[in-house]
Number of protein chains: 2
Amino acid sequence: MRITDVAAAAGVSAITVSRALNAPELLSKATLRRVLSAVERMGYVPNLTAGALSSRRSRMIVAIVPTIASPMYAETLQAFTDVLSQAGYHVVLGLGGFDGRDEEQLITTLLGRQPEGLLLVGAVQSTGARRRLAEAMIPVVQIWGDASTAADLQVGFSHASVGEAVANHLCDRGYRAFGVVSSDDPRALERLEGFRRGLQRRGLLLATQRLMPPPSTLMEGRAALEPLLRDLPRHGAVFCSSDLLAAGLLIEAGVRGVRIPGELAICGFGDLEIGRAMEPALTTVSVDGTEMGQLAARCLVDRLAGNRIPRRLSVPAEIIQRGTT
Amino acid sequence: MRITDVAAAAGVSAITVSRALNAPELLSKATLRRVLSAVERMGYVPNLTAGALSSRRSRMIVAIVPTIASPMYAETLQAFTDVLSQAGYHVVLGLGGFDGRDEEQLITTLLGRQPEGLLLVGAVQSTGARRRLAEAMIPVVQIWGDASTAADLQVGFSHASVGEAVANHLCDRGYRAFGVVSSDDPRALERLEGFRRGLQRRGLLLATQRLMPPPSTLMEGRAALEPLLRDLPRHGAVFCSSDLLAAGLLIEAGVRGVRIPGELAICGFGDLEIGRAMEPALTTVSVDGTEMGQLAARCLVDRLAGNRIPRRLSVPAEIIQRGTT
DNA sequence: CGCTTCAATGACATCGCTAACATTGATGGG
DNA sequence: CCCATCAATGTTAGCGATGTCATTGAAGCG
């Protein structure tokens, strides 16, 4: 069924039906009612593909995320999609993984959909992909971004500063020996670097670090405890790149009877529900993934509506002092 | 840049460029090479919207999921998207929530994209939405489905049987007093009903049940322990609708010094990582969310390729006996 | 009353691609 | 040597909507 069918049924022209659906204020009350009732009666569903081609407005936004299997990204994407859906956009999902392989390929085919905007979690790695994005001439919001790569629009926080702040916080609480258990994705590595620098500023060193490929899991956290205890002096503190790793440590500590924070202090990252629910509750860094997703979405919507918006937005990343440090 | 620009640059007609990209086997080696090099050189990205309109093949699949904030669905969707992406489809995300509000609206606008297939988590609630789906004449795969609602294609398992199997399992292990802590989404309720029936068959009754709105959280699990202990005789067993609830009980039990499974046995659902990582590890029902997502995707791909495929596929749901029962 | 103005509607071309059919020229069999 | 055949490429006409400009008629105004 096409728009012309509805038009015929309502005794108007195709464009009038189009207007009834897209710009009802242009029609007289009577016509509008007649057309809408025909639409309703016939169960007409407009072909958005055709509409997009004609109007050059696809009303689609592409979201490129490493994975949604990780709760942090899932939460962000959920919020992002909710807001955009409200604003009348559809979200096309691109799962890129953590390595840059196929990145350009993925971005290219998705750009072929003529999205009006794009969400990017983390940085674009390949220059080819970067060029493609630039050529697309659409707003790109980057979230969870590294400082290094400047996208068009950015919603996030400085991972390096977070690392440094955690270092300071732990020093202030009196810890003097430090370890890191971290995934080796670019954002985690930036936090680690900041952490290390923060320690250096205080004249302290990192005693041990353990890197592993993303995504991080509880099990990896559990497995990390034993080597950590070996390498780190008693009363040390460990900074984990994810609450999952931290919670894993906590669980294993429970099993082994290691007192937390007495024998080992733990700071996580992400403020996931699991951290809040553990006993003792996890000290962690809270970044509001939901807010970040919402902000990113609103950025795009505003920008597409022609409003001027700030190119950089910060969401706060704050250390939540709880029971494990 | 349009396809004709590339065609001009390569000294061929538009359709030849189209074929170079979509049906290279139809072209001579020389022409193919010439065209592809022009495509490459000019950085041409085909407009898939136009292509979709013309060919009536959108190469898009719509996925409608209650939420991706829940790890189970996120995992399934991840697998689903991965497979489809491999097969050259893009996934458009629809987040429907758990209530049926706006369901028809959401489905309708998404159908306007002319997707070639659709993934549905759970059942369609409104009849309006069901009619719309039927009229769209595209394959619809339903996963995590209730038995009641027969979609076009179905990949899943019987929630009721799972509930019954858990009842039997717990009875067989000698428990005689039973409780349930559950979300009240339709699928969880079906499991609950099966559980109750299973108990009845054995001449046993449910001593207490506590329902709460989805999504389930660890915190709700923790909060559920105290009333549960009040209402349920010692040495009872509780069936939770999610590993998150179960893990919450487990954490709270640790805090209160309630011995698991000595004083309280716990069975979860979902086989999430957290259940495996807890100590004692959680007895649970494992349904492979990844496999379900992959299967659903393959169903669609096969069907769209014109192959005959079974209308119902089962993925196994098996009880994993671990430390909490 | 004639002219402007504006609200309401329509006609037509167009968005960028591909399906369907047409054409071309080389190949090979009788 | 002619003609059927087939591989390789081209021509034309849409796909289903909307942008743009044109048209209509009623209202307002001096």
Side-chain angles (χ1 to χ4, degrees), chain A residues 1-36 38-39 42-60 88 90 108-109 111-116 135-137, chain B residues 1-36 38-39 42-60 88 90 108-109 111-116 135-137:
Chain A
M1 189 189 333
R2 297 197 300 279
I3 201 171
T4 51
D5 301 327
V6 179
V12 296
S13 70
I15 192 75
T16 299
V17 178
S18 172
R19 288 202 263 252
L21 297 169
N22 300 316
E25 71 281 2
L26 292 179
L27 299 187
S28 72
K29 288 229 168 60
T31 315
L32 181 57
R33 204 168 37 236
R34 202 147 40 91
V35 172
L36 290 184
V39 165
M42 307 175 72
Y44 169 65
V45 180
N47 183 327
L48 299 180
T49 299
L53 182 59
S54 177
S55 69
R56 292 117 185 276
R57 299 216 47 192
S58 66
R59 302 218 140 255
M60 290 169 70
H90 289 156
T108 302
T109 71
L111 284 177
R113 294 282 172 201
Q114 318 294 123
E116 294 183 42
E135 284 167 358
M137 310 261 284
Chain B
M1 187 185 338
R2 296 196 301 278
I3 201 172
T4 51
D5 300 329
V6 180
V12 297
S13 70
I15 191 71
T16 300
V17 178
S18 173
R19 287 202 263 254
L21 297 169
N22 301 314
E25 71 281 3
L26 292 180
L27 299 187
S28 71
K29 286 229 168 57
T31 314
L32 180 59
R33 201 169 39 238
R34 202 147 39 91
V35 172
L36 290 184
V39 164
M42 307 175 72
Y44 169 64
V45 180
N47 182 328
L48 299 181
T49 299
L53 182 60
S54 175
S55 68
R56 291 115 186 278
R57 298 216 50 193
S58 67
R59 302 217 141 257
M60 289 174 33
H90 289 156
T108 303
T109 70
L111 284 177
R113 294 283 171 199
Q114 317 295 120
E116 293 184 43
E135 283 166 358
M137 310 261 285

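Source: prediction; values computed, not measured. Atoms considered below: every heavy atom in the structure, side chains included; atoms not considered: hydrogens, waters and symmetry mates. To find a chain, count down the sequence lines: A is the first, B the second, and so on, and within it residues start at 1.
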Apply side-chain contact (heavy atoms from CB on, under 4.5 Å) to the pair B:M60 and A:M60, showing each step before the final yes or no. CA-CA 12 Å; B:M60 289 174 33; A:M60 290 169 70; 4.0 Å; yes
Can you list the steps and then say if A:R59 with A:L48 is a side-chain contact (heavy atoms from CB on, under 4.5 Å)? CA-CA 9 Å; A:R59 302 218 140 255; A:L48 299 180; over 6 Å; no
Would you check, one step at a time, whether the test side-chain contact (heavy atoms from CB on, under 4.5 Å) holds for A:I3 with A:N47? CA-CA 9 Å; A:I3 201 171; A:N47 183 327; over 6 Å; no
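Taken residue by residue, residues 46-57 of chain B places heavy atoms nearer than 4.0 Å to DNA chain D at B:L53, B:S54, B:R56. Using a 4.0 Å cutoff on non-hydrogen atoms, the parts of residues 8-27 of chain B near DNA chain C are B:I15, B:S18, B:N22, ordered by number.
The salt bridge (Lys or Arg N to Asp or Glu O under 4.0 Å) contacts involving residues 45-57 of chain A comprise A:R57-A:E116, where partners must be two or more places apart or lie in separate chains. For residues 13-34 of chain A, no residue pair satisfies the salt bridge (Lys or Arg N to Asp or Glu O under 4.0 Å) rule, not counting sequence neighbours.
Of all nucleotides in DNA chain C having an atom under 4.0 Å from a heavy atom of chain A, the first and last in 5' to 3' order are C:dA8 to C:dG16.
Looking only at distances, no side-chain donor or acceptor of B:T4 sits under 3.5 Å from a matching main-chain atom of B:A7. Side-chain atoms of A:D5 do not come within 3.5 Å of backbone N or O of A:M1 as any donor-acceptor pair. Checking side-chain atoms of A:S58 against main-chain N and O of A:Q114 turns up a donor-acceptor pair under 3.5 Å. Side-chain atoms of B:S55 come within 3.5 Å of backbone atoms of B:G51 as a donor-acceptor pair (strictly under, hydrogens ignored).
When every heavy atom of B:A20 is checked against every heavy atom of B:V35, the shortest pair comes out as CB-CG1, 3.5 Å. Listed here is the closest heavy atom pair of B:P115 and B:L111: CD-O, 3.4 Å.
When side chains are defined from C-beta on, A:V6 does not count as touching A:V12, because their heavy atoms never get closer than 4.5 Å.
Direction of the helix axis in the helix from C:dC1-D:dG30 to C:dG30-D:dC1 shifts by 40° between the two five-pair termini, rounded to 10°.
Positionally, the nearest nucleotide of DNA chain D for B:R34 lies more toward the 5' end than for the other of A:R2 and B:R34.
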